[in-house]
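Lettering of chains follows the sequences in order, A, B, ..., and the numbering in each one begins at 1. All values derive from a computational prediction rather than experimental measurement.
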Amino acid sequence: MSIKNSTALRTHLCGDMRSANIGEVVTLCGWVGRRREHGEHLAFLDLRDFSGIVQCVVDNSVDVRSEWVIRVTGKVQPRPEGTVNSNIPTGEVELAECKIEVLNSAEPPPFPIDQRGDDVDENVRLKYRYLDMRRERMQKNIRLRAAINSAIRKSMESQGFTEVETPLLMPSTPEGAREFLVPSRNEPGSFYALPQSPQLWKQLLMVAGMDRYYQIAKCLRDEDLRADRQYEFMQLDAEMSFVNKDDVIAMISTAVIAAAKAATGSEPPPIERMTWHDAMNFYGIDKPDLRFAMKLVELTSVFAATDFKAFATAESIKAICVAQAQYPEQAASGRNKLDALTDRAKKLGAKGLVWLKVGEAGALDSPVAKFLSATEQVEIVKQTGAVAGDLVLIVADSWSITCSVLGQLRNDLGRPPVHQGPYRYVWVVDFPMFVGINPTTKLPQPGHHPFCHPHPEDIDRLESDPLSVRALAYDLVLNGWELGSGSIRIHEPELQRRVFRQLGISDEDADHRFGFFLQPFKYGAPPHGGFAFGIDRLTAILAGEDNIREVIAFPKTQSGSDPMTNAPTNVESAQLTELGIRLLPPPIK
RNA sequence: GGUCCCGUGGUGAAGUUGGAGUUCACGCCGCCCUGUCAAGGCGGAGGUCGCGGGUUCAAGUCCCGUCGGGACCGCCA
């Protein structure tokens with residue numbers, strides 16, 4: 001399908017000019033980039049639109065300046081011998097005999113448009129986002145995002161999914177993330193909540209017999225912002241009936257692979273799977289970055305009969321080996337760096353951190369070497385595969401602490417920058433239903449939302465040994481970023497009540513808080529499951545950006561403000577009165 | 001709620017032990033310049049050193065507070 005780019009004001013796009021156009025008289029519209037003056041009657045202008053830039057040869061008496069909007073009619077001609085610019089796609093040609101019409105003049109921009117903008121204060125970029133977005137980088141990012149959305153839609157529809165829009169105004173369901181509230185004018189004192197996700201709606205669509213639903217949905221969460229988190233973000237949200245987790249994983253994989261292909265031009269290999277237990281055990285985190293190894297090495301049995309007190313009673317002892325070959329700087333850490341690593345490990349919850357520097361012939365340089373037997377020292381080197389110059393870090397603690405601390409250190413020491421290396425997608429499956437016991441309430445803490453179906457083999461232990469119960473839940477991870485998660489849902493009302501009871505939600509509570517959601521399940525809910533993943537995060541990684549703000553047209557700052565619009569703002573007291581709202585005096589500090 | 005980093009002409013930076021708003025690059029304005037493409041040359045303008053307080057003869061610099069931005073922890077079922 002060819003796109004018609006000619007309009008009433010222009011015949012072509014700047015970035016499309018090629019040798020094939022030589023001899024044509026064209027009219028282009030765009031913004032003035034750089035101007036290079038060469039005397040009374042010669043100057044070069046870079047004319048820019050979204051498609052790229054093309055050089056115009058003009059008389060130097062023409063007064064057009066940076067970012068003025070102009071319309072140029074001229075003749076496409078080959079550049080003279082020796083003046084071809086191979087750095088730009090239009091570099092073989094230029095526009096000559098130019099007639100210029102100024103459509104709008106402009107003040108000088110507050111920052112250069114023809115650069116990436118990495119060194120410009122982000123506050124200034126956001127204040128002038130409409131200028132910031134003129135730069136090639138942002139044009140690419142936003143268009144990449146559109147291409148990803150488009151590929152996802154195509155893929156979902158070709159797999160039989162139907163797009164359904166769900167409400168933004170819904171009742172508050174005080175579970176999970178903090179909600180944005182919207183006051184009701186008709187019922188002062190009552191509020192709508194904006195959806196953290198369309199979770200409840202999409203499950204009702206399954207009850208409604210829609211079979212396969214999808215939506216590229218805006219989700220809103222009033223939680224603190226991060227590089228990978230905004231108040232509002234987009235998810236591919238999907239749900240399907242009469243499926244098991246393999247069906248869901250297969251269909252979502254198809255959509256993600258289609259999106260990745262649309263973005264990068266090459267199709268990633270089939271997405272591998274890893275159990276949650278393996279992810280924790282070998283990478284110390286439930287969102288492992290598989291672009292680098294430095295896997296956690298099991299050493300517990302090596303110290304079964306050790307005399308070293310710190311290791312003797314530990315449930316789990318593991319190590320990572322920081323290889324000098326790949327990480328020369330980190331492996332050669334001096335005493336200060338090693339002390340800092342130890343502090344870091346303690347802050348993360350470990351009792352301590354043992355470091356060993358491997359010398360020639362397996363000799364170990366470490367404050368604790370004298371407490372370790374010769375056999376133990378040999379085994380450490382053997383199991384970790386360490387060679388001379390490597391640094392070995394050991395944590396001995398409970399299994400979960402040992403894993404999570406080493407996993408964090410592994411990321412700290414080895415993780416490549418976002419824009420580097422291959423794309424490593426992985427499905428992490430068999431998440432536990434509960435992630436520990438809340439020390440205050442003594443209740444199991446849910447790992448996901450409370451509608452996740454327990455693994456059929458484990459349902460018997462729901463009450464007797466909840467922590468051993470796996471959920472039919474799965475996360476999609478890309479290069480250490482959690483893209484999204486999904487699960488097979490509970491469709492049997494009685495099982496749902498059992499899970500609620502485990503979470504300390506009585507039948508009455510459940511009816512009160514989720515009644516509108518649970519009632520429909522009495523009327524024949526099909527077995528169903530689904531998934532949702534973050535489009536902002538996927539786009540950021542595929543764009544090589546380490547921050548989702550770079551792929552969002554108008555993002556908020558970390559404190560939730562918008563430097564361009566100044567949102568959030570005060571409102572007229574009349575507006576509040578109409579809503580039945582009176583403000584508290586500001587807190588006294 | 002917490003930890004850490006940053007704030008100096010339009011933009012980005014330097015500013016030492018406290019000594020005159022000092023410096024550099026880009027941009028901007030003017031002049032010169034006929035093949036540049038980050039053009040080049042010459043000249044010029046442009047400042048509440050985020051804000052408030054304190055120490056001092058003297059603060060961009062030291063101290064306290066505050067505002068704004070960023071990274072992270074908590075939080076994100």
Trainee: Base, sugar-phosphate alone, or nothing: which one does A:Asn60 contact when heavy atoms must sit under 4.0 Å apart?
Mentor: base
Trainee: Considering just the side-chain nitrogens and oxygens of A:Asn547, establish if one lies under 4.0 Å of OP1 or OP2 belonging to B:rG70.
Mentor: no
Trainee: With both distances under 3.5 Å as the test, what is the Watson-Crick or G-U wobble partner of B:rU55?
Mentor: none
Trainee: Please list, chain by chain and in numerical order, all residues satisfying salt bridge (charged side-chain N to carboxylate O under 4.0 Å, His left out) with A:Asp339, sequence neighbours excluded.
Mentor: A:Arg335
Trainee: Below 3.5 Å, does any donor atom in the side chain of A:Glu40 face an acceptor in the base of B:rU34, or the other way round?
Mentor: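 Absent.
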Trainee: Students often get this wrong, so: under 4.0 angstrom with heavy atoms, is A:Asp119 touching a base, only sugar-phosphate, or nothing?
Mentor: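 Since only primed, P, OP1 and OP2 atoms lie under 4.0 Å of A:Asp119, the category is sugar-phosphate.
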Trainee: Report yes if a side-chain nitrogen or oxygen of A:Thr557 is closer than 4.0 Å to either non-bridging phosphate oxygen (OP1 or OP2) of B:rG69; otherwise report no.
Mentor: yes
Trainee: How would you list, by chain and number, every residue that makes a ring pair (Phe, Tyr, Trp, His ring centres under 6.0 Å) with A:Phe292, sequence neighbours excluded?
Mentor: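 Not a single residue meets the ring pair (Phe, Tyr, Trp, His ring centres under 6.0 Å) criterion with A:Phe292.
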Trainee: Please list, chain by chain and in numerical order, all residues satisfying side-chain contact (heavy atoms from CB on, under 4.5 Å) with A:His455, sequence neighbours excluded.
Mentor: A:Asp430, A:Glu457, A:Asp458, A:Arg470, A:Leu472
Trainee: What's the CZ-C1' distance between A:Arg79 and B:rC37, to the nearest Å?
Mentor: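 It is 7 Å, rounded to the nearest whole Å.
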Trainee: Expressed as a whole number of angstroms, how long is the span from A:Asp114:CG to B:rU11:P?
Mentor: 17 Å
Trainee: Can you tell me how far C1' of B:rA39 sits from CG of A:Asp46, to the nearest Å?
Mentor: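 Taking atom C1' of B:rA39 as the reference, CG of A:Asp46 is at 11 Å.
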Trainee: Where do A:Leu204 and A:Phe517 land on the side-chain contact (heavy atoms from CB on, under 4.5 Å) test, with the steps shown first?
Mentor: CA-CA 7 Å; A:Leu204 297 183; A:Phe517 177 67; 4.0 Å; yes
Trainee: Flag as yes if A:Phe111 stacks onto the base of B:rU11 (centroids under 5.5 Å, planes under 30°), otherwise no.
Mentor: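 No; centroid distance or tilt outside limits.
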Trainee: Can you tell me the Watson-Crick or wobble partner of B:rU3, both distances under 3.5 angstrom?
Mentor: B:rA71
Trainee: Which heavy-atom pair separates A:Val499 from A:Pro450 by the least distance, and what is that distance?
Mentor: CG1-O, 3.7 Å
Trainee: Taking CD from A:Glu81 and C1' from B:rC37, how many angstroms apart are they, rounded to a whole number?
Mentor: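 It is 17 Å, rounded to the nearest whole Å.
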Trainee: Identify, with sequence neighbours excluded, every residue that meets side-chain contact (heavy atoms from CB on, under 4.5 Å) alongside A:Pro568.
Mentor: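 In terms of side-chain contact (heavy atoms from CB on, under 4.5 Å), with neighbours along the sequence ignored, A:Pro568 is linked to A:Ser561.
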Trainee: Once you round it to whole Å, what is the distance between C1' of B:rU34 and CZ of A:Arg35?
Mentor: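 Interatomic distance, CZ of A:Arg35 to C1' of B:rU34: 14 Å.
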Trainee: Check whether any side-chain N or O of A:Ser561 sits under 4.0 Å from OP1 or OP2 of B:rG69, and answer yes or no.
Mentor: yes
Trainee: Return the set of residues passing side-chain contact (heavy atoms from CB on, under 4.5 Å) with A:Asn21 (not counting sequence neighbours), or none when no residue passes.
Mentor: A:His12, A:Met17, A:Arg18, A:Glu24, A:Val76
Trainee: B:rC33 P sits how many Å from A:His38 NE2, rounded?
Mentor: 13 Å
Trainee: Using Watson-Crick or G-U wobble geometry with both distances under 3.5 Å, which nucleotide pairs with B:rG12?
Mentor: B:rC24
Trainee: Applying side-chain hydrogen bond (donor to acceptor under 3.5 Å, both in side chains), which residue pairs with at least one partner in residues 120-129 of chain A are found, sequence neighbours left out?
Mentor: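 Sorted result for residues 120-129 of chain A: A:Glu122-A:Arg549, A:Arg125-A:Asp132, A:Arg125-A:Glu550, A:Arg129-A:Asp132.
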Trainee: Should A:Arg229 and A:Asp536 count as an ion pair when the cut-off is N to O under 4.0 Å?
Mentor: no
Trainee: Treating primed atoms plus P, OP1 and OP2 as sugar-phosphate and everything else as base, which nucleotides of nucleotides 72-77 of chain B get B, S or - for protein heavy atoms under 4.0 Å?
Mentor: SBBBBB
Trainee: Where along residues 467-501 of chain A does a heavy atom fall under 4.0 Å from RNA chain B?
Mentor: none
Trainee: A:Lys99: what forms a salt bridge (charged side-chain N to carboxylate O under 4.0 Å, His left out) with it, not counting sequence neighbours?
Mentor: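 With neighbours one apart ignored, the set is empty.
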Trainee: Tell me what A:Gln230 touches on the nucleic acid: a base, only sugar-phosphate, or nothing, going by heavy atoms under 4.0 Å.
Mentor: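 If one applies the 4.0 Å heavy-atom cut-off, A:Gln230 turns out to touch nothing in the nucleic acid.
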Trainee: Is A:Arg125 touching bases, backbone alone, or none of the nucleic acid, heavy atoms closer than 4.0 Å?
Mentor: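 Nothing: the residue A:Arg125, judged by heavy atoms under 4.0 Å, touches no strand.
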Trainee: Could you tell me which nucleotide pairs with B:rC29 by Watson-Crick or G-U wobble geometry, both distances under 3.5 Å, or answer none if nothing does?
Mentor: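 Pairing partner: B:rG43.
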Trainee: Nearest whole angstrom, please: distance from the P of B:rG70 to the CG of A:Asp546.
Mentor: 13 Å
Trainee: Any base atoms under 4.0 Å from A:Pro80, or only sugar-phosphate, or nothing? Heavy atoms, all strands.
Mentor: base
Trainee: For A:Ser197, which residues count as a side-chain contact (heavy atoms from CB on, under 4.5 Å) partner, sequence neighbours excluded?
Mentor: A:Gln199, A:Cys219, A:Arg221, A:Gln235
Trainee: Hey, which sits more toward the 5' end of RNA chain B by its nearest nucleotide, A:Gly91 or A:Asp121?
Mentor: A:Asp121
Trainee: Between A:Ser559 and B:rG69, does any side-chain N or O lie under 4.0 Å from OP1 or OP2?
Mentor: yes
Trainee: Specify the separation, in whole Å, of atom CD of A:Glu107 and atom P of B:rU11.
Mentor: 14 Å
Trainee: Please tell me if A:Arg36 has a side-chain N or O lying less than 4.0 Å from either OP1 or OP2 of B:rA39.
Mentor: yes
Trainee: Apply ring pair (Phe, Tyr, Trp, His ring centres under 6.0 Å) to A:Phe521 and A:Phe514, showing your working.
Mentor: CA-CA 11 Å; A:Phe521 277 65; A:Phe514 296 103; over 10 Å; no
Trainee: Do NZ/NE/NH1/NH2 and the carboxylate oxygens of A:Asp46 and A:Arg36 come within less than 4.0 Å?
Mentor: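 A salt bridge links A:Asp46 with A:Arg36.
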Trainee: Just by protein heavy atoms under 4.0 Å, how would nucleotides 23-31 of chain B read 5' to 3' in B, S and -?
Mentor: ----S-SS-
Trainee: Restricting to salt bridge (charged side-chain N to carboxylate O under 4.0 Å, His left out), what partner residues turn up for A:Lys556, sequence neighbours left out?
Mentor: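 Expected list: A:Glu232.
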